[in-house]
Amino acid sequence: MFVSLSKPDSARAATRTALALLLVTAGLLARDAAAAEGQLTRPPELLEFVQAPYPAEAQAAGVTGAVTLLLTIEADGAVSAVEVTEPAGHGFDAAAAEAARAFVFRPAEIDGQPAPVQIAYRYAFTLAEAPAVVSTGTLVVRLVERGTRKPLAAITVRAGDAEAVSDAEGVVRFAELPEGPLRLEVRDPAFVTVEDRETIRAGEEVTVTWRLERTGFADDLEAVGRRPAKEVTRRTLSVQEIRTVPGTNGDALRVVQNLPGVARAPFGLGGLVLRGGGESRAYLEGHPIPTPFHFGLRSTVSTALIESIDLYPGNHGPEFGRGNGGIVDIRLRKPGRDGWHGYGEVDLFDAGAFLEAPVGEKGGIALGARRSYIDALVPLLLTDEQLDAFPVAPRYYDYQALYQTDLSGGHDLRLMAFGGGDRTVFLVEEPADTDPAVRGKADLELDWVGGQAEWGWRVAPDARHRLSAGYVFEAQRGALGKDLAFDYDMHRVTVRDDVEVKAAEWLKVRGGADLEVEHIRATVSLPPPTKDGETAAPVGATGVLKSDSTETWFMPAAWAELELTWGDLTVLPGFRADYWTIVDAVALQPRATARYKVTDDTTVKGGVGLYSERPDLDEVDPVFGDPSVGLERSVHYSAGVEQRLGEYLTADLVGFYKDFDDLVTRTDDADEGSTGFANQGEGRAYGLEALLRLENHPRLYGWVAYTLMRSERRDAPGDDWRLFGSDQTHNVTVVGNYKLSTTWELGLRWRFVSGNPYTPIERGTYDSDADAYVPVPGAPLSRRLEPFHQLDLRVDKHWIFDAWRMTTYLDVQNAYLRQNPEGVTYNFDFTEQAIIGGLPLVPSFGVRGEF
Amino acid sequence: MRFDILTVLSLVLSTLTAGCDGDFASRSEILDYRVLGLEADPPEVGPEGSVRLTAHDLDPEGRPVSYAWTLCLYSVGPLVDFACADPALAFDLQGGRTVDLDLAAYDLRAFVDALGGVPRADGTFATLSDGFDVYVVLESGPAAGPRTRSVKRVRVREGGDPNRNPTAALRVSAERAAPGSTVTLTVVPGPDARETFDGAEGGRATEELVYAWYSTGGELASALTYGDDAEVELDLPAEPGPVDVALAVRDGRGGLAVVTRRIEVE
């Protein structure tokens with residue numbers, strides 16, 4: 001008799017079931033002698049079969065077997081003894097015997113009476129496929145960047161045979177995955193490969209978060225929102241470049257000084273002299289920055305808020321004006337909306353913090369602040385006696401708050417508030433031999449506060465309108481000794497309204513209006529300021545001029561520009577009109593640029609335009625200057641070529657010429673009613689800028705910038721041409737940054753700059769009343785200092801943790817200890833001179849933790 | 001350029017960096033012919049007044065010195081080396097170390113009337129009652145030595161309380177001292193040295209005296225002292241010989257007094 005048993009159906013799929021086959025042979029053996037003499041009238045009948053578990057070893061090996069057992073069945077039908085007579089091994093014997101002991105029989109009958117018997121029983125084990133069972137689960141994988149916690153979009157995740165790409169929130173979802181273990185994998189060139197296993201459970205959703213570590217350390221390797229070029233020359237710096245160029249301590253505006261067309265400022269201080277002069281302006285989202293630098297040392301705009309910086313050394317479009325120099329335009333980024341992020345950092349000079357967070361679904365807020373702590377260190381570093389000379393040690397601070405949100409209907413809103421201040425007080429107890437009048441307490445203070453509001457509206461896919469307003473209040477106070485002082489307040493309101501419309505495939509129209517209003521109150525007691533090429537005389541000899549003035553400058557402007565495209569040729573004719581009160585002058589400034597794409601990799605370009613700026617405020621002041629002076633003007637010409645040299649390398653070569661006219665210069669004679677200024681000067685600046693740039697490479701960025709330039713002035717008709725004060729014939733900058741690994745970066749900067757011109761002093765005339773010698777200069781700016789060259793090195797070390805990262809850097813300026821000449825100094829009667837050397841080796845160390 | 005913090009900062013920086021090469025000799029060391037000051041007595045005079053001009057100079061080598069004086073009624077100022085606005089306004093003065101100047105000879109009233117007031121640097125015009133400066137220029141020096149060009153303003157003002165030169169005495173702690181020793185120099189201002197006057201901002205002000213110290217040998221602790229800081233130490237040279245010390249006292253309004261003493265180092 002053969003019996004086949006199987007387990008009932010279950011929810012699992014594809015299981016294997018062990019079947020036991022029961023075999024009862026006809027051979028029965030009487031168990032004892034008494035029964036042996038009777039007649040078997042009824043054989044035993046198996047009433048309860050017990051399933052033996054399939055031995056694991058045998059199942060794993062896929063082995064089957066049969067065990068023959070001798071069972072002793074008592075008169076009550078229970079099995080009292082089991083003996084293995086033909087073993088099968090593989091664990092079958094024990095399993096079969098164990099199961100058989102639990103069998104229940106109807107007892108055998110001999111002569112009609114229950115009687116014990118022995119039987120041979122063959123217990124067989126076989127393997128057979130069970131019917132397939134389908135059961136699925138869901139897996140959710142959330143991808144964030146290790147260290148920053150930023151969600152990672154567009155990353156491919158493989159789950160078994162399935163594949164999906166993470167969305168903007170960094171989430172990828174797999175539905176109906178088969179139950180059981182599953183292999184997961186992320187393999188992306190930007191991140192370290194991750195492999196793992198997850199177990200999928202039927203009917204459940206499993207969520208895992210993976211923190212992917214970058215193979216490179218690319219903070220916005222590509223400038224976000226890089227706009228198509230329409231200008232002859234626009235150079236853009238990314239956040240990574242801003243942060244890591246050696247010698248700049250991550251200072252955005254100082255990094256700009258490493259680009260072609262920008263003169264090097266003495267002592268490495270802040271300053272913007274572009275393409276040989278003219279007033280250059282720094283903008284923050286289209287509104288002029290009140291004070292670009294703290295004491296000339298650090299820029300006043302936090303790098304954390306910056307998306308990119310655009311430098312226009314000249315020939316910029318009509319949307320910018322009121323300057324004969326160039327433009328630096330800082331663009332802010334949107335506060336992050338993917339969670340709370342921030343950083344804290346400390347370096348040699350100051351400490352700062354930054355925090356950003358989402359606001360609602362479409363907005364974000366960012367807060368930043370920085371304060372110097374030199375004033376806290378000074379008492380620790382100086383003796384009490386030295387400390388007497390610093391009643392208030394130098395300190396500066398700045399703060400910014402930014403809110404941005406997208407609104408429905410294509411609108412967006414940005415609000416910003418900012419402020420800051422500089423202060424120092426120190427004593428000049430021993431005046432210089434050359435100017436005994438400059439002594440006493442020097443008290444310098446600068447404060448500003450302001451804000452901006454901007455509303456943008458994408459009217460249509462090809463039409464955009466932007467209206468923004470800004471306000472700044474700036475106060476400057478200074479005093480030195482008892483004679484020198486100034487007290488200056490300025491309220492500035494700026495309004496911009498810009499429109500851009502793509503009217504046709506070949507035509508874009510841009511236009512706008514911008515207004516600057518400055519209300520200035522100034523009380524001044526200062527010596528006459530020296531102008532370019534002039535030599536300062538001792539204050540005791542010149543005396544001070546006193547002025548107390550209040551004036552309001554109203555400066556409206558309107559501009560328009562067309563962008564006309566014919567195939568590979570783009571022409572941008574434009575026009576700007578400016579008006580200035582006070583000088584009551586109008587400037588009509590046509591401008592045009594053209595770009596022609598010779599090949600996909602080669603573009604030739606050129607431009608010409610008129611530019612204007614108002615005279616300096618002291619030049620129109622009735623005491624210090626001459627209210628009758630008018631605008632200074634210039635014409636910019638430039639032409640060049642852009643060439644792409646492979647995937648990462650670009651070259652840009654531009655020749656330029658700037659023609660200055662109506663420059664305000666000092667007249668030789670003091671006319672009746674004036675103090676000797678007139679629009680009689682002229683100037684010219686010409687040269688070549690070359691930029692070879694490596695970017696978008698995962699491990700390396702850098703550039704070689706070279707400017708060859710000549711900038712000259714003629715102070716009056718008939719005068720000889722002389723050099724401009726910041727004329728630097730050769731200016732070479734090599735910048736490079738290389739990621740040794742994901743945690744180490746090395747950077748270098750090497751600069752070579754022709755020495756600045758200076759005016760030699762031929763002798764001194766002794767002013768008996770001032771008790772000082774007044775320098776008698778030789779030909780203005782007729783001598784040149786020895787060249788400047790310097791190597792700056794920087795190393796960054798990063799530590800990446802799950803939820804935050806830390807960076808330390810060491811920045812060494814002037815690594816080979818070059819004693820660079822920065823100026824000339826003289827003895828008390830100008831019979832001896834010596835070179836003022838620049839700063840020696842300047843190490844700087846910083847630590848930054850960000851999350 | 002704006003009136004901004006960088007204006008004053010640049011003045012301070014130029015002060016701090018000026019002469020920062022430690023190899024320059026101090027202004028207090030008289031190593032060659034030097035003009036210590038030009039005295040106008042009185043420093044302020046009416047348009048018809050007389051002024052005695054004196055060149056206070058010192059030559060360590062004691063050489064004979066020549067002097068050439070010029071009067072300029074209107075100078076364009078220090079930025080153009082005190083050039084005279086017009087050659088017709090410049091006059092040679094005859095004299096040596098001392099010159100007597102009689103302003104009546106130059107008809108300053110007519111000069112001021114012709115201009116309608118003397119132009120000031122701030123664009124205003126000064127009348128005789130406001131007061132204006134005429135400039136005296138001196139070219140001086142030893143025949144085989146350096147020539148020095150010096151300038152002195154003489155205030156011409158009608159009415160008011162004219163300024164006077166300060167008076168002072170110079171005390172030395174020892175007229176004879178050992179080589180390498182230290183002596184103390186003390187200025188004793190005269191009783192009327194610090195005048196009070198009408199300040200530019202209105203109200204009365206008191207002059208602050210400025211003391212300029214000089215020596216032909218050794219090393220002075222300070223080249224300039226002010227107000228109540230009336231003492232300075234002189235480290236005498238290691239070699240014996242005479243050391244001339246001089247003190248120039250200025251009142252900040254054109255007044256000057258110069259006093260000299262000799263110390264024998266032996």
Side-chain angles (χ1 to χ4, degrees), chain A residues 295-296 422 428 430-436 438 442 444-446 476 478-480 484 486 488 522 524 526 528-529 534 536-539 541-543 545-547 616-618 622-623 666 668-670 672-675 763 765-769 771 774 776 823 825-829 832 834 836, chain B residues 1-9 11-21 23-27 34-39 76-82 85 115-116 119-125 137-138 146 148-153 200 208 210 212 222-224 226 248 250 253-254 256:
Chain A
F295 290 126
D422 300 349
V428 182
E430 290 284 336
D433 284 351
T434 49
D435 202 340
V438 179
L444 306 172
E445 183 172 7
L446 163 66
Q476 297 193 36
L480 179 54
L484 305 177
F486 66 88
Y488 167 96
V524 173
L526 290 173
E534 294 180 345
V539 175
T542 62
L545 298 177
K546 295 181 190 292
S547 172
D616 291 340
L617 295 184
D618 66 286
V623 172
R666 201 183 301 277
D668 284 341
D669 302 315
E672 185 175 356
S674 75
T675 54
R763 57 179 177 80
T765 292
Y766 180 60
D767 184 328
S768 174
D769 297 310
D771 191 21
V774 176
V776 178
T825 185
Y826 295 88
N827 70 337
F828 70 96
D829 62 357
E832 297 175 59
I836 302 171
Chain B
M1 189 180 68
R2 295 165 45 182
F3 300 125
D4 62 15
I5 203 163
L6 291 178
T7 305
V8 177
L9 192 59
L11 275 173
V12 174
L13 282 177
S14 65
T15 296
L16 295 178
T17 58
C20 65
D21 182 340
D23 291 338
F24 288 157
S26 166
R27 54 171 279 150
R34 181 92 71 85
V35 174
L36 306 181
L38 301 183
E39 179 187 343
V76 192
L79 296 182
V80 283
D81 196 22
F82 301 101
L115 290 178
R120 293 196 188 108
D122 62 3
T124 59
F125 296 87
V137 180
L138 170 68
T148 298
R149 186 164 183 268
S150 309
V151 172
K152 171 85 183 94
R153 300 167 185 76
E208 181 193 40
V210 180
S222 294
L224 291 168
Y226 309 86
R250 289 178 171 81
R253 297 196 295 148
L256 171 71

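So you know, we letter chains A, B, ... as the sequences are listed, proteins then strands, and number each from 1.
No other option in B:V35, B:L256, B:T148, B:V151 has as many heavy-atom pairs under 4.5 Å with chain A as B:V151.
Partners of A:D767 under the side chain to side chain contact (heavy atoms under 4.5 Å, CB included) rule, at least two apart in sequence or in another chain, are A:A541, A:D769, A:A770, A:V774, B:F82, B:R153. Applying the side chain to side chain contact (heavy atoms under 4.5 Å, CB included) rule to B:S222 yields the partners A:E430, B:T225, B:V232; only residues at least two apart in sequence or on another chain are considered.
The shortest non-hydrogen separation linking B:L79 to A:A537 is CD2-CB, 4.0 Å. The two residues B:S26 and A:F828 come nearest to each other via the heavy atoms O-CE2, 4.2 Å. When all heavy atoms of A:D433 and B:A25 are compared, the pair lying nearest together is OD2-O, 4.3 Å.
Interface remark: B:E39 contributes no atoms to any contact with chain A (heavy atom separation under 4.5 Å). For chain B, the nearby parts of A:Y766 are the backbone and the side chain; heavy atoms of each come within less than 4.5 Å. Only the backbone of B:L36 comes within contact range of chain A, with at least one heavy atom under 4.5 Å from a heavy atom of that chain. Heavy atoms of B:R34 lying under 4.5 Å from chain A belong exclusively to its side chain.
Taking the side chain as every heavy atom from C-beta outward, A:S768 and B:R250 approach each other to under 4.5 Å.
Just one residue in the list A:D771, A:N827, A:T434 forms a side chain to side chain contact (heavy atoms under 4.5 Å, CB included) with B:R27, and that residue is A:D771.
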